[in-house]
Asker: 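I am attaching a structure below and will ask some questions about it afterwards.
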Amino acid sequence: MLDAKQLRADLKQVAAKLANRGFTLDIAKFESLEQQRKDLQVKTEQLQAQRNQNAKAIGQAKAKGEDVQPLMDAVANLGNQFELTKQAFDSVQAELDAMMALIPNIPHETTPVGKSEEQNIEVRRWGVPRTFEFEAKDHVALSEARGWYDNDAATKITSARFSVLKGSMARLQRALTQFMLDTHIQDHGYEEVYVPYIVNQDSLFGTGQLPKFAADIYKLEKHAEHDTSDRDLYLIPTAEVPVTNLLRNEIVDGAQLPLKFVAHTPCFRSEAGSYGKDVKGLIRQHQFEKVEMVQFVHPDQSYAALESLTNNAEALLQKLGLPYRVMALCTGDMGFSAAKTYDLEVWLPGQNAYREISSCSNFEDFQARRLMARFRTGQDKPQLLHTLNGSGLAVGRTLVALLENYQQADGTIVLPEVLRPYMGGVDKI
RNA sequence: GGAGAGCUGUCUGAGCGGUUGAAAGAGCACGCCUGGAAAGUGUGUAUAGGUUAAUAGCCUAUCGGGGGUUCGAAUCCCCCGCUCUCCGCCA
């Protein structure tokens, strides 16, 4: 969420910046609501002040044993008047809140301006795609040939866009996860956290998935007979949600910053809009494994932190020997809550293309404001933190990349050195 | 799943319809005292929102969350969440 004060003060400039990301801010609507809000709030609070004074006076008079009837008569009308004004104020405020909740973050000045992914800018490239002396297969052909991947079984058990992995491939996914977590906690200074995979609405609102992206998230059905609670629960679309919400409504000691967490979780996405793309294989699934890094930092440090967080994700690809490129997302392609995002795209020989394997973003104080995630230095006033996160990495897609990049003519897969300890010491599968 | 107890500021803890944003203590900050320190002593010590040039004043809200009763609610009523204890079940 944007700062309401800033929005009021620089409405035109903010609108111009948001236009870069394809968002049209309804200036007239905002100004009208804001004017109403201001009038009604002032009026409401005045009536409240009056009511408080009267109540106090009655209390005092009663204590002295005086007759309070004249005072009671004097305030007879006030309640009604207050009720009406308050109602009007609440409804305007609710409309304003709903509008604010749907305004995306302001892109950082270094975020390239553009309409779609074509305008994303390649920042750097690492590694050279291997040249094959045979016809390179894609991961579906490779894994099916070895009996490692069973799409039909998954469909039978659940529905489309899930998968069953078997044998060495299933183990390799687990090995990858361990390797990623270990690298982040041992080399990059992250603290590992284990978090719930089911979250409430407040958490999803805090990180910005709600209210706008409800269609992409699996919502759990309530059983009316024995669930009397009034809160809805959802499967996490990413570990970002539970991990970032660790600091919701918290004030941390500024001396402890930065806080760096890493978590491995499955992620569940209904991906309503994406049918027709990547229909085969592991690229786009309703359920996938991901290792996620989350940082809470001092506002002055967040852009330095974005670079280092991105480097942390890159380090994994380098250790795994997977060629990749770093893309700075343009204003039109960036997610709702982000001010700046780097995507890491790994080389996939099966597709002869670079494909997203990690997305690293600085949200500045956009999420923190929704979350009320703050820090305090000494006796200073609490200040909003800056939040960042990035995949490190999407495990399923890393598995795809390993299979395709390390395939041999006979269909076996050579394992990069760093994974061998996690695979019982073997050098290929 | 059953029964009971509770949820108050950084913490402990009082208040159970009336000038209570909230006693008291601890902690913390600043001062006094001291050669210095401890002890003692004094003052201060929430957050959010509005108004505003203002991080100055002033106003509003907040005692787990939401709603209600009332001129007035931390205090009474209802719904929900959470914590603890005992029993049952379970990985």
Side-chain angles (χ1 to χ4, degrees), chain A residues 1-10 30-31 33-101 194 196-206 220 222-234 242 245-256 299 365 368-385:
Chain A
M1 200 141 53
L2 298 180
D3 182 0
K5 282 186 181 168
Q6 190 198 351
L7 202 51
R8 283 172 215 146
D10 311 320
F30 180 82
E31 280 180 332
L33 281 172
E34 178 53 26
Q35 189 57 51
Q36 291 176 60
R37 187 228 97 226
K38 194 165 170 172
D39 294 346
L40 287 167
Q41 181 163 358
V42 169
K43 213 167 147 194
T44 306
E45 290 186 354
Q46 273 170 0
L47 288 168
Q48 269 174 321
Q50 215 174 316
R51 185 197 63 185
N52 292 346
Q53 274 180 357
N54 285 324
K56 217 176 253 185
I58 291 173
Q60 283 169 6
K62 233 178 181 172
K64 290 182 200 152
E66 293 167 5
D67 180 20
V68 293
Q69 199 52 48
L71 283 167
M72 300 279 271
D73 294 343
V75 298
N77 259 332
L78 207 63
N80 213 10
Q81 216 187 114
F82 168 71
E83 213 49 53
L84 287 173
T85 315
K86 178 79 161 62
Q87 255 173 36
F89 169 61
D90 284 348
S91 97
V92 168
Q93 186 65 60
E95 213 179 320
L96 206 48
D97 287 347
M99 186 179 180
M100 292 286 290
Y194 171 80
Y197 302 160
I198 294 176
V199 295
N200 58 33
Q201 270 184 333
D202 289 347
S203 294
L204 286 160
F205 180 84
L220 301 181
K222 274 201 290 205
H223 295 280
E225 305 105 66
H226 55 83
D227 187 352
T228 53
S229 81
D230 54 7
R231 40 167 65 176
D232 290 318
L233 296 174
Y234 302 79
N245 274 278
L246 284 171
L247 291 200
R248 171 148 55 89
N249 294 331
E250 302 289 338
I251 300 175
V252 298
D253 180 0
Q256 291 178 354
D365 62 12
R369 185 170 294 107
R370 290 171 162 244
L371 295 159
M372 289 295 283
R374 294 169 292 173
F375 72 98
R376 187 205 301 273
T377 308
Q379 298 293 303
D380 294 352
K381 286 213 145 221
Q383 248 189 97
L384 292 171
L385 288 157

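Convention: sequence-line order gives letters A, B, ...; per-chain numbering from 1.
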Asker: Under the 3.5 Å rule, do the base of B:rU19 and the side chain of A:Q60 count as making a donor-acceptor pair?
Answerer: yes

Asker: Starting the side chain at C-beta, find the nucleotide from B:rU51, B:rG50, B:rA48 nearest to A:E45.
Answerer: B:rG50

Asker: Let's see if you can work this out: which of B:rA48, B:rC71, B:rU51 has an atom nearest to the side-chain heavy atoms of A:A55?
Answerer: B:rC71

Asker: Of all the choices, B:rC71, B:rA46, B:rU51, which nucleotide is nearest to the side chain of A:R376 once you look at every atom?
Answerer: B:rA46

Asker: Between atom CZ in A:R369 and atom C1' in B:rG49, what is the gap in whole Å?
Answerer: 14 Å

Asker: Using atom P in both nucleotides, what's the gap between B:rC76 and B:rC87 to the nearest angstrom?
Answerer: 31 Å

Asker: Applying the side-chain contact (heavy atoms from CB on, under 4.5 Å) test to A:R374, which of A:L385, A:V252, A:L384 qualifies?
Answerer: A:L384

Asker: The side chain of A:K62 lies closest to which of these nucleotides: B:rG18, B:rA48, B:rU51?
Answerer: B:rG18

Asker: Taking the C1' atom in each of B:rU83 and B:rA26, what is the distance between them to the nearest angstrom?
Answerer: 24 Å

Asker: How close or far is atom C1' of B:rG49 from atom CG of A:D90, stated in whole angstroms?
Answerer: 13 Å

Asker: Quick one: does A:L220's side chain get under 4.5 Å of A:D232's, heavy atoms only?
Answerer: no

Asker: Among the candidates B:rU19, B:rU51, B:rU47, find the nucleotide nearest to the side-chain atoms of A:R37.
Answerer: B:rU51

Asker: Between B:rC11 and B:rA5, how far is it from one P atom to the other, in whole Å?
Answerer: 26 Å

Asker: In whole Å, what separates the C1' atom of B:rU19 from that of B:rG72?
Answerer: 12 Å

Asker: If the cut-off is 4.0 Å, is A:K56 near the phosphate of B:rA73, judged by side-chain N/O to OP1 or OP2?
Answerer: no

Asker: I'd like the P distance from B:rA54 over to B:rG68, given in whole Å.
Answerer: 34 Å

Asker: Under a cut-off of 3.5 Å for both distances of each Watson-Crick or G-U pair, what dot-bracket string does RNA chain B give, using [ ] for crossing pairs and | for inter-strand pairs?
Answerer: ((((((((.[[[..)..(.....]]]((((((.......))))))((((((.....)))))).[[[[[..)....]]]]])))))))....

Asker: Let me know the distance between CD of A:Q35 and P of B:rG50, rounded to the nearest Å.
Answerer: 14 Å

Asker: Where each residue is assigned the nucleotide of RNA chain B containing its nearest heavy atom, which of A:R8 and A:N54 is assigned the position nearer the 5′ end?
Answerer: A:R8

Asker: Rounding to an integer number of angstrom, what distance separates B:rG25 and B:rG42 when you compare their P atoms?
Answerer: 10 Å

Asker: Separation of A:D202 atom CG from B:rC82 atom P, in whole Å?
Answerer: 13 Å

Asker: Taking atom P of B:rU69 as reference, at what distance in whole Å does atom CZ of A:R51 sit?
Answerer: 13 Å

Asker: 5'-most contact on RNA chain B: A:Q48 or A:K5, nearest heavy atom basis?
Answerer: A:K5

Asker: Whole angstrom is fine here: how far is it from CG in A:L40 over to C1' in B:rU60?
Answerer: 15 Å

Asker: Quick check for you: among B:rC71, B:rU47, B:rU51, whose closest atom lies nearest to any side-chain atom of A:I58?
Answerer: B:rC71

Asker: For B:rU45 and B:rA38, measure between their P atoms and round to the nearest Å.
Answerer: 23 Å

Asker: Quickly work out the A:N52 CG to B:rC58 C1' distance and round it to whole Å.
Answerer: 14 Å

Asker: Using the C1' atom as the reference point in each nucleotide, state the distance between B:rU41 and B:rA46 in Å, no decimals.
Answerer: 26 Å

Asker: Once you round it to whole Å, what is the distance between C1' of B:rG49 and CG of A:L7?
Answerer: 16 Å

